[in-house]
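Below you'll find the structure, written out as structure tokens, and then a few comments.
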Amino acid sequence: MRLDHAGNIVILTGAGVSAESGLSTFRDSGGLWENHDPMTIATPEAFARDPGLVYRFYNARRLQLNEVDANPAHRAIARLQREHRGDVFLVTQNVDDLHERGGSSQVCHMHGELRSAWCLACGSRYATREAFDAATACERCAGRGGLRPDIVWFGEMPYEMDLIERKLAACDLFIAIGTSGTVYPAAGFVRGARAFGAYTIEVNRDSSETSSVFHQHRVGLAGELVGELVEEILVQPPST
Ligand code: OAD
């Protein structure tokens with residue numbers, strides 16, 4: 001496929017796109033799930049059993065966002081969204097806000113957002129950069145005890161699945177960047193996009209669980225390869 005003819009594009013990102021900003025991935029050596037069992041942190045049952053542990057884990061990660069910034073991969077994706085003539089739909093499994101800080105104005109956070117609090121008492125979600133726990137009053141209803149991290153945990157339905165499926169069905173090019181292809185439904189997007197006829201490219205430092213499903217597998221750092229890929233897509237076709 002000539003990338004300069006790509007029409008509608010869907011980009012899926014995972015923790016690898018933020019690794020060069022200094023955020024840990026989940027499954028690489030030294031990753032978050034090496035020191036924590038996700039079943040004791042990232043499930044509704046874990047939150048019911050030991051909310052203090054869950055609040056501490058996400059508070060630390062929320063505060064860490066104050067120490068990091070977007071990297072060239074986030075900025076290259078934002079450039080593609082601004083300059084490409086077709087639709088560029090960005091869906092991320094990441095709960096950081098580095099795509100936004102890299103300049104993306106449309107980001108679909110299918111696994112939620114660290115800088116968002118969700119009050120189970122009044123149902124509202126609001127932006128916050130602060131640590132919070134069961135003693136924190138909700139900014140909307142002032143009730144205490146109802147706040148939870150606005151994160152989609154294992155066993156919960158990711159956000160915006162209808163929209164994502166529509167975008168996958170309509171895309172000509174699907175690109176996955178820095179994701180291990182282990183967590184569904186995101187890991188299944190490449191097969192879905194292919195079934196609808198899209199050309200598929202993976203960018204990853206290593207092989208992922210789904211590398212063999214992609215038409216093209218580009219091995220290397222997102223901070224280096226994504227900019228090159230975006231250049232290839234944005235090259236203007238010769239005028240005839
Ligand atoms: P993983 O930690 O599973 O995978 C990160 C991927 O990024 C790996 O395949 C690495 O090879 C790759 N990688 C690391 N550094 C890179 C770099 N600089 N450039 C390119 N690739 C790099 O993270 P995810 O696939 O995002 O869900 O994990 C998916 C979900 O699992 C997360 O959203 C989270 C987790 O459990 C929940 O918490 C619900």
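Positions are given from 1 along the sequence. Order of listing sets the numbers, starting from 1, for every ligand and every atom in it.
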Sub-4.0 Å atoms of ligand 1 with respect to non-hydrogen atoms of Phe154: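 With Phe154 as reference, the close atoms of ligand 1 come out as 36 (O).
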Residue Gly14 vicinity, atoms of ligand 1 by number, heavy atom under 4.0 Å: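 Result: 26 (O).
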Identify the two heavy atoms, one from Ala70 and one from Arg101, that lie closest to each other, and give their separation to 0.1 Å.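 Heavy-atom minimum between the residues: CB-C, 4.0 Å.
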Shortest non-hydrogen contact between Ala42 and Tyr58, atoms and distance: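 Nearest heavy atoms, Ala42 then Tyr58: CB-OH, 3.7 Å.
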Classify the side-chain pair [X]/[Y] by whether it contains a donor and acceptor separated by less than 3.5 Å.
| X | Y | answer |
| --- | --- | --- |
| Glu202 | Ser208 | yes |
| Ser18 | His74 | yes |
| Asn59 | Arg62 | yes |

Should the proximity of [X] to ligand 1, defined as any heavy atom under 4.0 Å, be assigned to the side chain, the backbone, both, or neither?
| X | answer |
| --- | --- |
| Ser180 | both |
| Val183 | side chain |
| Ala222 | both |
| Arg27 | both |
| Val152 | backbone |
| Glu20 | side chain |

Report the nearest protein non-hydrogen atom to [atom]: residue, atom name, distance rounded to 0.1 Å.
| atom | result |
| --- | --- |
| atom 36 (O) of ligand 1 | Trp33 NE1, 2.8 Å |
| atom 27 (O) of ligand 1 | His111 ND1, 3.6 Å |
| atom 14 (C) of ligand 1 | Asp28 OD2, 3.3 Å |
| atom 9 (O) of ligand 1 | Asn204 ND2, 3.0 Å |
| atom 21 (N) of ligand 1 | Arg205 N, 3.1 Å |
| atom 5 (C) of ligand 1 | Gly178 O, 3.7 Å |
| atom 23 (O) of ligand 1 | Ala15 CB, 3.5 Å |
| atom 32 (C) of ligand 1 | Phe26 CE1, 3.5 Å |

Quick test of your reading of the structure: of [options], whose heavy atom lies closest to [atom]?
| atom | options | result |
| --- | --- | --- |
| atom 22 (C) of ligand 1 | Gly16, Pro158, Ala19 | Gly16 |
| atom 25 (O) of ligand 1 | Thr92, Val17, Thr182, Thr179 | Thr179 |
| atom 29 (C) of ligand 1 | Gln93, Glu34, Arg218 | Gln93 |

Can you tell me if Arg125 has over 12 outside heavy atoms packed within less than 6.0 Å of its CZ?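 Count over threshold, so yes.
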Would you call the rings of Phe47 and Trp153 parallel, tilted or perpendicular, where under 30° means parallel and over 60° means perpendicular?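 Plane angle between 30° and 60°, so tilted.
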Run the side chain to side chain contact (heavy atoms under 4.5 Å, CB included) test against Glu34 and tell me which residues pass, sequence neighbours left out.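 If we apply the side chain to side chain contact (heavy atoms under 4.5 Å, CB included) test to Glu34, skipping adjacent residues, the hits are Ser29.
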Please verify whether a non-hydrogen atom of Gly220 lies at under 4.0 Å from ligand 1.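 Judged by the 4.0 Å heavy-atom criterion, Gly220 does count as contacting ligand 1.
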Do Phe132 and Trp118 have ring centroids that are under 6.0 Å from one another?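 No, they do not, as the ring centres are separated by 6.0 Å or more.
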Do Val17 and Leu98 share a hydrophobic cluster (ILVMFWY, side-chain heavy atoms under 4.5 Å, transitive)?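 They do not share one cluster, since no chain of ILVMFWY contacts under 4.5 Å joins Val17 to Leu98.
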For side chain to side chain contact (heavy atoms under 4.5 Å, CB included), just list the numbers for Leu147 and Tyr126, CA-CA rounded to whole Å, side-chain angles, deciding distance to a tenth of an Å, and then say yes or no. CA-CA 10 Å; Leu147 290 182; Tyr126 61 88; 3.5 Å; yes
Without placing hydrogens or testing angles, list every side-chain donor-acceptor pair under 3.5 Å for residues 172-180, not counting sequence neighbours.
residue: Asp172; atom: OD2; partner: Asn8; partner atom: N; Å: 2.7
residue: Thr179; atom: OG1; partner: Gln93; partner atom: NE2; Å: 2.9
residue: Ser180; atom: OG; partner: Thr182; partner atom: OG1; Å: 2.8

